[in-house]
Amino acid sequence: MWTTWKSIFASTLALGTMLAPGVSFAQTPVDAPAGAYIPPQAEHAITEVKVPKLLNKQMKNQRVTRGPIHPNYKMHVTYDSQNHIINGKLSVTFTNNTGVRLNDVYFNLWGNAANFRTNGGGMDVKNVKVNGKAANHHLQETALHIDATLPKNRKSTVSMDFTVHVPKGQDRFGWDGDTVSLGNWFPILAVYDDEGWNVDPYFPYGESFYSLTSNFDVTVTTDKKQVIAATGTEIGKPKLKGNLATHRYIAKQVRDFAMEMNPNYKIISTTVNKVKVNVYYAEEHAKFSQDLLQSGVDSIKLFSEKFGAYPWPELDVVSMKGWFGGMEYPQLVMISLRDNATPAWVRSVNAHEIGHQWFYGIIGNNEYDEAWLDESFATFAAALYDNQLDQLTAEPVPGFHLSHPISYFTAYGQEGISAYYDTVYDYGARTLNDLRKLLGDKQFYASMQAYYKQKKFGITTTKDFIRIMEQTSGRDLDKFFAEHYVFVSDQE
């Protein structure tokens with residue numbers, strides 16, 4: 001995510017530490033560095049979901065491969081634009097590659113986060129089945145627990161009906177006027193790794209997402225007047241019936257599926273590197289449409305050259321009114337525009353969000369545990385686009401590591417949230433630029449391209465990044481990363 005103004009309503013810690021359930025942040029003003037996500041002006045609660053300790057104990061005694069792999073989602077959903085309700089059917093088929101028999105499965109329902117519920121949002125499920133048989137399930141905050149027996153190396157299918165109440169508000173998930181933003185709006189399969197099932201809390205000041213690449217087949221029925229931007233590619237023309245239209249989208253090897261709707265959207269498009277770039281904009285943002293299109297083209301061209309080729313056939317850039325700057329999803333970025341936005345700001349924000357197509361979209365990571373692996377890299381990418389790498393001079397924040405998990409930052413309340421922004425965005429981008437200067441442009445970008453090739457469509461870790469940069473450069477970088485407060489031990 002991205003923004004450049006220096007005002008944010010952030011947080012003081014209401015209850016001790018992130019290890020206790022029900023941690024709440026009450027807002028007080030702090031400075032937010034460039035690249036920060038500004039949450040709405042409301043109180044936010046962050047609740048730690050407790051996964052049975054047996055899982056973590058089990059993990060210590062055996063090596064587990066990250067999974068389940070190859071999720072294939074099929075969804076049929078209907079959006080009621082009058083009441084802002086989605087009713088849907090979902091099925092996801094996957095393979096248990098973890099090396100252990102799993103006795104349950106988790107999904108993350110991010111729409112149940114406290115700040116969305118405060119604004120009338122929320123999600124619920126029913127008719128949950130595993131391989132066609134009814135399954136017991138329990139929903140706690142954003143974590144859906146399902147009883148299931150998943151044999152090793154076998155395919156399984158989980159299906160459910162789900163209902164979504166879209167909250168009112170300018171957000172990555174919400175509706176405001178004619179605009180409907182659907183980010184993190186459906187039940188998404190959690191990741192199982194050496195920590196067990198990952199059901200970390202929703203982080204309203206940034207991202208807490210962690211998903212494996214999947215295939216999506218999504219059918220959406222809503223008002224025929226709606227203009228829809230979506231992850232993936234629309235298949236054929238919408239089918240009309242009365243005042244309704246049914247659209248079908250296919251997306252391959254993506255970590256999520258997002259949509260943006262507005263009946264007043266206009267579209268301009270062009271092609272770069274065989275990638276179709278679409279800009280969706282309402283009339284009030286028409287003055288920025290060419291800036292969004294050109295920065296989209298230039299970003300894809302630049303980042304493909306420096307990091308690795310953009311792998312999907314399409315990218316949608318959508319404009320909306322809002323306070324949060326921007327938000328990234330696979331093949332779709334949301335650009336949130338205030339009245340005082342300038343063309344240069346719009347282009348830079350767009351470059352940051354498109355940078356996330358590489359860092360989290362293509363090269364995935366656990367954003368809750370290792371936030372720097374996507375936000376620092378996207379901030380660096382935007383500075384590269386802006387030709388401002390020499391301005392990446394942020395200093396480290398005493399007591400905080402670049403490689404610390406989000407829970408470490410939030411445990412320090414207002415101080416920690418401020419440190420999160422300054423460390424993960426600004427100091428992280430400076431660290432990458434320092435590495436570029438140490439290795440030289442030729443070697444740095446060659447190493448980044450090797451990183452892309454090795455981790456494309458996979459999940460990276462701090463350990464992976466250090467290993468690949470050392471192997472490809474032939475340099476011992478222990479001292480460099482230690483001096484920049486990047487430690488593998490922060491994740492162990």
Side-chain angles (χ1 to χ4, degrees), residues 22 24 39-47 49 73 75-92 106-128 137-146 159-190 199 201-204 207-209 216 218-223 225-226 228-231 243-244 246-247 256-263 318 320-324 327 329 332 334 336:
S24 176
Q41 299 180 15
E43 191 170 288
H44 299 298
I46 302 177
T47 302
V49 178
Y73 290 82
M75 287 192 281
H76 294 264
V77 302
T78 300
Y79 175 62
D80 177 350
S81 62
Q82 297 300 311
N83 297 301
H84 309 290
I85 295 174
I86 297 170
N87 286 296
K89 293 182 179 294
L90 174 152
S91 71
V92 56
Y106 279 84
F107 283 71
N108 287 302
L109 276 62
W110 300 118
N112 273 338
N115 51 304
F116 296 136
R117 295 200 308 271
T118 298
N119 294 315
M123 303 173 69
D124 200 6
V125 300
K126 61 182 181 180
N127 297 332
V128 177
H137 61 279
H138 173 68
L139 182 57
Q140 178 188 354
E141 298 292 335
T142 58
L144 172 65
H145 172 250
I146 302 171
S159 62
M160 66 189 75
D161 298 340
F162 67 100
T163 301
V164 180
H165 293 264
V166 182
K168 188 180 189 322
Q170 298 170 355
D171 207 337
R172 53 192 173 193
F173 173 55
W175 67 271
D176 178 67
D178 291 329
T179 302
V180 184
S181 301
L182 297 179
N184 314 109
W185 60 277
F186 63 92
I188 191 166
L189 183 66
V199 285
Y202 179 82
F203 182 53
E207 290 96 39
S208 47
F209 311 130
F216 287 85
V218 182
T219 300
V220 182
T221 299
T222 189
D223 304 340
K225 63 181 181 180
Q226 289 283 11
I228 304 174
T231 297
N243 292 321
L244 299 177
T246 298
H247 307 255
D256 207 339
F257 185 95
M259 294 187 289
E260 188 91 359
M261 304 183 194
N262 187 320
V318 298
M320 56 185 289
K321 287 179 62 177
W323 39 262
F324 63 82
M327 180 61 199
Y329 293 97
L332 184 148
M334 301 175 180
S336 165

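Here Ser336 contributes atom OG and Met327 contributes atom CE; the two are 12.0 Å apart, rounded to the nearest 0.5 Å. With values rounded to the nearest 0.5 angstrom, Met123 atom CE is found 11.0 Å from Phe107 atom CZ. Summarising the geometry, atom CG belonging to Asp178 is positioned 8.0 Å from atom CD belonging to Gln226; distances are rounded to the nearest 0.5 Å. Separating the CG atom in Asp80 from the OG1 atom in Thr221 is a distance of 12.0 Å, to the nearest 0.5 Å. A distance of 7.5 Å separates CG in Asn112 from CG in Asp124, rounded to the nearest 0.5 Å. Rounded to the nearest 0.5 Å, atoms CD1 (Ile86) and OH (Tyr79) are 7.0 Å apart.
Shown are Val220, Thr179, Asp223; of these, the side-chain contact (heavy atoms from CB on, under 4.5 Å) with Met261 is made only by Val220. With Leu109 as the partner, the side-chain contact (heavy atoms from CB on, under 4.5 Å) test is satisfied by one option alone out of Ile188, Leu144, Val164: Leu144.
Ring geometry, Phe116 versus Phe173: the interplanar angle exceeds 60°, so the pair is classed perpendicular (tilted spans 30 to 60°). Using cut-offs of 30° and 60° on the angle between ring planes, the pair Phe216 and Phe257 is tilted. A tilted orientation is assigned to the rings of Tyr106 and His145, their planes being inclined by 30° to 60°. Ring geometry for Phe186 versus Tyr73: interplanar angle over 60°, hence perpendicular rather than tilted (30 to 60°).
Summarising the geometry of Asp176 relative to Lys168, their closest heavy-atom pair is OD1-NZ, 4.3 Å, with the distance given to 0.1 Å. Closest heavy-atom contact between Tyr202 and Ser208: CA-OG, 3.4 Å. Heavy atoms only, all atoms of each residue included: Ala229 and Val318 are closest at CB-CG1, 3.4 Å. When all heavy atoms are compared, the tightest approach of Met334 to Leu182 is CE-N, 4.2 Å. Across all non-hydrogen atoms, the minimal contact from Leu90 to Pro187 is CD1-O, 3.4 Å. Closest heavy-atom contact between Val199 and Ala190: CG1-CB, 4.3 Å.
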>> Show, in sequence, the C-alpha distance, side-chain angles and deciding distance for Thr222 and Ile228, and conclude whether the side-chain contact (heavy atoms from CB on, under 4.5 Å) test is met.
In response: CA-CA 10 Å; Thr222 189; Ile228 304 174; 4.1 Å; yes
>> Applying side-chain contact (heavy atoms from CB on, under 4.5 Å) to Trp185 and Val166, what does each step give before you reach the verdict?
In response: CA-CA 8 Å; Trp185 60 277; Val166 182; over 6 Å; no
> How far apart are the C-alpha atoms of Trp175 and Ser81, what are their side-chain angles, what is the distance that settles it, and do they pass the side-chain contact (heavy atoms from CB on, under 4.5 Å) test?
Replying inline: CA-CA 10 Å; Trp175 67 271; Ser81 62; over 6 Å; no
>> One pair to check against side-chain contact (heavy atoms from CB on, under 4.5 Å): Arg117 and His165. What are the steps and the verdict?
In response: CA-CA 9 Å; Arg117 295 200 308 271; His165 293 264; over 6 Å; no
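With Thr231 contributing its side chain and Ala258 its backbone, the two residues share a donor-acceptor pair below 3.5 Å. When atom types are taken as modelled, the side chain of Asp161 and the backbone of Lys126 share no donor-acceptor pair closer than 3.5 angstrom.
Looking only at atom types and distance, the side chain of Asn184 has a donor-acceptor partner in the side chain of Tyr329 under 3.5 Å away. For the residue pair Asn87 / Thr163, a side-chain donor-acceptor distance below 3.5 Å is found, with atom types taken as modelled.
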